[in-house]
Amino acid sequence: MRHIFLAASTLALLAAPAFADEDSTHGTLTLSAQAELAVEPEFASLSGGVESRGDTAAAAVRANANAMDQVMSSLRRAGIAGNDLQTTRLSVTPEYEWIENRSQRRLTGYVARNTVTARIRELDETGDVIDAMVSAGANTIDSLTFGADDVADAMDEARSNALERLLEKANLFASATGQELCGINHLREGQARTPVQPYDDVAFRAEASLMDSATPIAAGELSLSATVSAEFCIRPAD
């Protein structure tokens with residue numbers, strides 16, 4: 001991966017101490033800059049499961065457990081390792097219907113929900129894994145996101161790019177106003193955005209009868225960003 005290294009003059013500016021004197025010729029300039037970097041996705045995270053209903057909580061839970069056993073088995077058969085499967089939601093809630101002009105409500109049963117998140121490391125198999133879940137009885141697909149395991153080097157490159165842009169911008173502003181940079185009083189990094197890309201078209205109520213072929217999935221690219229801001233010391237140019 002390519003890295004951007006700052007020139008010696010830039011590093012000297014970063015290392016310059018803040019000016020603590022009362023020299024009125026010194027002003028300040030506050031700016032920020034952002035840089036984005038695209039990286040290739042390395043895995044997909046698929047969340048889905050089963051929603052079951054029953055006249056009693058026990059009946060709903062029982063039906064849900066039986067269906068989820070089939071879904072979990074289908075994921076393992078699809079090649080998802082045990083440490084890449086995690087239960088992320090488990091709930092049982094009552095359901096009601098309103099009666100008498102919505103002045104009262106009546107208990108109609110219970111809903112049990114169980115959601116599992118599977119990490120898919122072979123991206124070209126993502127559509128097949130979705131189909132396997134649905135064919136095994138999953139009736140909810142909540143989300144599909146793409147991510148990468150190790151982005152430390154990419155984040156450092158984005159930070160270097162952002163810092164380079166910040167210094168270029170500062171020099172531009174100073175030069176345009178007849179000033180020059182004389183140090184950095186404060187330097188701060190904003191919140192970095194790590195690359196997790198949602199696949200917005202996947203959230204749906206699954207119908208197994210509609211899954212006639214592998215679900216088409218495009219992983220695309222992940223975008224991460226870094227933001228830096230600084231208060232520069234400026235003074236009239238010589």
Side-chain angles (χ1 to χ4, degrees), residues 1-4 33-51 67-68 70-91 113-165 189-228:
M1 184 173 289
R2 181 175 59 89
H3 292 279
I4 302 297
Q34 183 182 38
E36 294 189 354
L37 195 67
V39 297
E40 293 293 327
E42 296 175 351
F43 63 84
S45 291
L46 172 66
S47 292
V50 176
E51 182 178 290
M68 276 303 295
Q70 298 300 315
V71 170
M72 296 292 281
S73 295
S74 74
L75 289 171
R76 295 188 182 93
R77 287 194 300 271
I80 307 300
N83 59 352
D84 285 332
L85 291 173
Q86 183 179 43
T87 297
T88 51
R89 181 184 182 187
L90 180 62
S91 65
R113 298 178 178 88
N114 194 333
T115 300
V116 63
T117 297
R119 176 165 291 196
I120 306 168
R121 299 189 182 274
E122 300 295 333
L123 291 179
D124 58 351
E125 297 178 4
T126 302
D128 293 331
V129 174
I130 293 174
D131 294 349
M133 284 185 66
V134 173
S135 297
N139 55 15
T140 63
I141 301 294
D142 297 322
S143 67
L144 176 64
T145 58
F146 296 95
D149 288 312
D150 187 3
V151 296
D153 289 343
M155 281 303 306
D156 284 345
E157 183 173 357
R159 292 183 180 102
S160 294
N161 292 345
L163 185 55
E164 186 177 53
R165 291 181 184 180
E189 180 182 15
Q191 183 176 3
R193 180 161 59 87
T194 55
V196 175
Q197 177 65 39
Y199 190 85
D200 294 331
D201 292 334
V202 170
F204 62 94
R205 293 291 178 181
E207 292 287 348
S209 61
L210 300 180
M211 310 296 286
D212 295 329
S213 60
T215 301
I217 298 295
E221 290 183 327
L222 307 175
S223 178
L224 58 82
S225 66
T227 303
V228 290

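In this chain, numbering begins with 1 at the start of the sequence shown.
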Problem set entry | Non-neighbouring partners of A35 that pass side-chain contact (heavy atoms from CB on, under 4.5 Å), sequence neighbours left out | N161, A162, R165

Exercise. Say you draw a straight line from OG of S225 to CD of E36; how long is it, rounded to the nearest 0.5 Å?
Worked result: 5.5 Å

Exercise. Taking only residues two or more places apart in sequence, or in another chain, which ones meet T88 in a side-chain hydrogen bond (donor to acceptor under 3.5 Å, both in side chains)?
Worked result: T117

Seminar exercise, completed: Rounding to 0.5 Å, atoms CG (L75) and CG (L46) come to a distance of 7.5 Å

Exercise. Looking at side-chain heavy atoms only, is the closest gap between V116 and M68 below 4.5 Å?
Worked result: yes

For this session: Determine whether M155 and L224 make a side-chain contact, defined as any pair of heavy atoms from C-beta on separated by less than 4.5 Å.
Result: yes

Exercise. Which heavy-atom pair separates G137 from V71 by the least distance, and what is that distance?
Worked result: C-CG2, 4.0 Å

Exercise. Can you check whether T140 reaches V50 side chain to side chain, under 4.5 Å on heavy atoms?
Worked result: no

For this session: List the atom of L37, the atom of A154, and the distance in Å for their closest heavy-atom pair.
Result: CD2-O, 3.4 Å

For this session: For L123, enumerate each residue passing the side-chain contact (heavy atoms from CB on, under 4.5 Å) test, keeping only those at least two apart in sequence or located in another chain.
Result: P41, A44, T126, F146, A219

For this session: Determine yes or no for a side-chain-to-main-chain donor-acceptor pair under 3.5 angstrom, with N139 supplying the side chain and E51 the backbone.
Result: yes

Exercise. What are the two closest heavy atoms between V129 and A78, and how far apart are they?
Worked result: CG2-CB, 4.2 Å

Seminar exercise, completed: Across all chains, not counting sequence neighbours, the side-chain contact (heavy atoms from CB on, under 4.5 Å) partners of E40 are E221

For this session: Name all residues meeting the side-chain contact (heavy atoms from CB on, under 4.5 Å) criterion together with R119; count only those two or more places apart in sequence or in a different chain, and write none if there are none.
Result: F43, S45, D84, R121, D149

Exercise. Is there side-chain contact between R76 and L85, with heavy atoms separated by less than 4.5 Å?
Worked result: yes

For this session: Give, for atom CD1 of I120 and atom CD of E42, the distance between the pair rounded to the nearest 0.5 Å.
Result: 15.0 Å

Exercise. Do the non-hydrogen side-chain atoms of M133 and I130 ever get within less than 4.5 Å of each other?
Worked result: no

